[in-house]
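Heads up, the thing below is written out as structure tokens.
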Amino acid sequence: MPTVQNNLEVSRYELYKDGQLAGFLKYRMEGDHMWLLSTEMTAEYEEPVLAEKLLLGVLQDVRRRRIGVLPFCPVVRQTMLENPHFLRLIPANPPGHFPLLMDAVELMYDRGAATLSMRSGQQAPGTSRISPQAVIRSVRTRKKEQKRTARFRVQALASAVQEKAGNPAAA
């Protein structure tokens with residue numbers, strides 16, 4: 001059975017299968033935040049199931065320890081989107097590296113989808129669970145609407161500038 005261990009000496013979580021190192025996730029501690037930097041699996045253990053076991057094990061340990069996470073590794077970010085209850089591990093005001101994840105977190109809270117308890121991982125009573133795909137679609141839709149609104153504002157401003165330039169009495 002695969003096991004995940006935190007190797008504090010080299011700042012990485014390691015996944016062992018049958019006593020052999022199958023993969024690891026490098027991290028760096030900065031204050032009370034853990035920067036998840038990169039995930040690597042050995043050639044003989046490059047199975048998606050094992051990588052998922054490693055990533056979920058790390059995220060569960062970090063949640064248990066109540067540490068904030070900055071997921072610089074794209075594989076970790078994808079895993080967090082697929083398991084939205086882990087999105088809450090990202091601190092409220094992280095550096096500008098995680099806009100899609102932060103929009104997904106905001107969307108979850110906006111919809112009252114704070115559905116998963118940090119301790120139990122169970123759905124809270126009286127709430128509905130949102131699939132990661134729905135969260136991503138909603139975030140993308142919101143982004144498109146924001147771009148359309150911004151374009152409309154730019155067009156309106158350009159029209160107003162042209163109107164004033166063409167009609168000096170209006171100034």
Would you mind writing out the side-chain donor-acceptor pairs for residues 47-58 within the sub-3.5 Å range, not counting sequence neighbours?
none

Is there a side-chain contact between Arg64 and Val62 (heavy atoms, below 4.5 Å)? no

Are any of the side-chain heavy atoms of Ile90 and Met80 separated by less than 4.5 Å? yes

Mind checking the CZ-OG1 spacing from Phe86 to Thr79? Nearest 0.5 Å is all I need. 9.5 Å

Pairwise distance CG(Asn83) to NE2(His85) - rounded to 0.5 angstrom: 5.0 Å

Interatomic distance, Leu89 atom CG to Arg63 atom CZ [nearest 0.5 angstrom]: 7.0 Å

Say whether Val4 and Leu21 are linked into one hydrophobic cluster, either directly or through other cluster members, by side-chain heavy-atom distances under 4.5 angstrom. no

Do Tyr13 and Asn7 meet the criterion of a side-chain donor-acceptor pair at a distance under 3.5 Å? no

Atom CG of Leu87 and atom CZ of Arg77: how far apart are they, to the nearest 0.5 Å? 12.5 Å

Same cluster or not: Val10 versus Leu25, using hydrophobic residues (I, L, V, M, F, W, Y) connected whenever any side-chain heavy atoms lie under 4.5 Å apart? no

Applying side chain to side chain donor-acceptor pair (under 3.5 Å), which residue pairs with at least one partner in residues 16-30 are found, sequence neighbours left out? Asn6-Tyr27, Glu14-Tyr16, Arg28-Glu30

Side-chain donor-acceptor pairs of residues 36-44 under 3.5 Å, sequence neighbours excluded:
unit_1: Thr42; atom_1: OG1; unit_2: Ala22; atom_2: O; d: 3.1

Work out which heavy atom in Met29 is nearest to a heavy atom in Ile67; give both atom names and the distance. CE-CG2, 4.1 Å

In this structure, would Leu15 and Phe24 fall into the same cluster of hydrophobic residues linked by side-chain contacts under 4.5 Å? no

